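Along the sequence shown, residues are numbered consecutively beginning with 1. Note: hydrogens, waters and symmetry copies are ignored here, and every other heavy atom, side chains too, is used. From a predicted model like this one, the values you see are computed outputs, not experimental measurements.
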Amino acid sequence: MNLFLPILFSFLFLWGMAPATAAQSSPQAELPAGKAGANSSALSTDQENAHRARALLDEAIQGLGGQAYLGVRDMQQSGRTYSFFHGRPTSNGVLFWRFTQFPDKERIEITKERDIAQIYNGDKAYEVTYKGPRPMEQKDVGGYLRRRKFSLDIILRTWVNDPTVALIYEGNAIAAEHPALQVTLINSKIESVTLYFDIDSHLPIKKTFSWRDPVDKQRNLEEEIYDNYRPVQGVMTPYGFTR
């Protein structure tokens, strides 16, 4: 399915154990009834929480278009991107065209003449100018790969179907100044991402994740906000995007 999205983007940079023997396992079997009951109750509560998280994620996917959303493989976007510093725009915006092929190919063209392009193919990235193509700097490639790994589409298409990913329902929250429901996903590498969904439509309105800078070792928080949803070819699409 091809999806064309005339979309306005605005960017905000904030910167081995052996098997237990019968004798070893017997103390667990002889736990007092009250403690055994407490363990069972805690397990039941955790399972119920995970079920609520999964149900909300499923509702969000359905709200985005269900199979129409999950079936998108090629996507085109165009619009204008802005950068901000201390809350003020640093330019009048730059025109862009973006072509995506899931899961790991992307081309972004900028300027009115479309004479500058960034091309991503797997873990490789190139910048194309009038001088020809050249590999992008590794620090820029690393940032892009990190954002792709934690992208909303990857989370909703891949993470939610991974049995090793823990789903945690965290209840009511405020996101982008709107009432929201919050879910956190934690993968087997102990990497986490938190999603916030509109309390009525269950559409995603915010995503956050953190990462540690390999140079200064400081922890950074990245946020993305999605708004102004409109239907495009059966898929609810945010025409406003802020990072």
Side-chain angles (χ1 to χ4, degrees), residues 3 5 7-15 49-50 52-66 69-70 72 75 77 79 81-84 98 100 102-104 106 108 120 142-162 164-213 218-230 232 235-243:
L3 187 63
L5 311 176
I7 186 169
L8 173 64
F9 274 24
S10 60
F11 291 89
L12 177 60
F13 290 90
L14 304 175
W15 293 99
N49 181 279
R52 294 186 69 181
R54 179 72 209 207
L56 180 55
L57 290 165
D58 287 343
E59 290 170 356
I61 292 171
Q62 287 302 311
L64 287 166
Y69 167 75
L70 295 175
V72 173
M75 182 168 62
Q77 298 168 308
T81 177
Y82 302 82
S83 59
F84 294 80
R98 180 186 180 202
T100 304
F102 293 107
D104 61 359
E106 185 172 331
I108 301 173
Y120 303 92
Y144 169 82
L145 294 178
R146 180 174 55 249
R147 290 191 295 273
R148 186 175 71 191
K149 178 179 182 179
F150 289 96
S151 70
L152 183 64
D153 288 323
I154 292 297
I155 299 300
L156 295 181
R157 291 164 178 253
T158 304
W159 285 46
V160 297
N161 297 318
D162 186 342
T164 68
V165 171
L167 309 178
I168 304 172
Y169 177 80
E170 299 186 272
N172 293 321
I174 297 294
E177 301 181 356
H178 295 286
L181 297 173
Q182 178 178 340
V183 169
T184 293
L185 302 89
I186 306 175
N187 67 14
S188 59
K189 297 180 180 178
I190 317 302
E191 298 169 324
S192 67
V193 59
T194 298
L195 304 179
Y196 300 84
F197 303 95
D198 182 88
I199 201 165
D200 295 318
S201 69
H202 295 165
L203 290 173
I205 56 177
K206 183 178 176 180
K207 181 197 71 184
T208 67
F209 68 93
S210 63
W211 55 278
R212 191 172 299 279
D213 191 290
Q218 297 296 311
R219 184 164 291 280
N220 296 276
L221 177 68
E222 291 203 22
E223 299 183 349
E224 292 181 358
I225 296 173
Y226 318 98
D227 59 16
N228 193 17
Y229 276 92
R230 305 180 197 174
V232 178
V235 176
M236 291 301 291
T237 306
Y239 272 56
F241 170 89
T242 304
R243 177 181 298 122

Inset, instruction - Quick one: pull up CZ in Phe241 and CG in Asp227 and give me the separation to the nearest 0.5 Å. - result: 11.0 Å
Inset, instruction - Side-chain contact test, heavy atoms from C-beta onward, threshold under 4.5 Å: evaluate it for Trp159 versus Val193 and give yes or no. - result: yes
Inset, instruction - Please examine the side chains of Phe150 and Ser210, heavy atoms only from C-beta on, and report whether any two atoms are closer than 4.5 Å. - result: no
Legend entry - Side chain to side chain, Arg146 and Phe209, heavy atoms closer than 4.5 Å: yes
Inset, instruction - Measure the spacing between CD1 of Ile225 and CD1 of Ile205 and express it to the nearest 0.5 Å. - result: 8.5 Å
Inset, instruction - Please determine, by modelled atom types, if Asp153 and Ser151 share a side-chain donor-acceptor pair under 3.5 angstrom. - result: no
Legend entry - Note, Ile154 side chain near Lys149 side chain (heavy atom, < 4.5 Å): no
Legend entry - Heavy-atom side-chain proximity of Ile168 to Asn49 below 4.5 angstrom: yes
Inset, instruction - Find out whether Arg52 and Leu167 are in side-chain contact, i.e. whether some heavy atom of one side chain is under 4.5 Å from a heavy atom of the other. - result: no
Inset, instruction - Ignoring hydrogens and angles, state whether a donor on the side chain of Glu170 or Thr184 is under 3.5 Å from an acceptor on the partner side chain. - result: yes
Inset, instruction - Find out whether Tyr226 and Tyr196 are in side-chain contact, i.e. whether some heavy atom of one side chain is under 4.5 Å from a heavy atom of the other. - result: no
Inset, instruction - Report yes or no: is the cationic atom of Arg157 (NZ for Lys, CZ for Arg) under 6.0 Å from the centre of the six-membered ring of Phe102, at an angle within 45° of the ring normal? - result: yes
Inset, instruction - Please name the residue in the list Leu64, Val235, Thr100 that meets the side chain to side chain contact (heavy atoms under 4.5 Å, CB included) test with Val72. - result: Val235
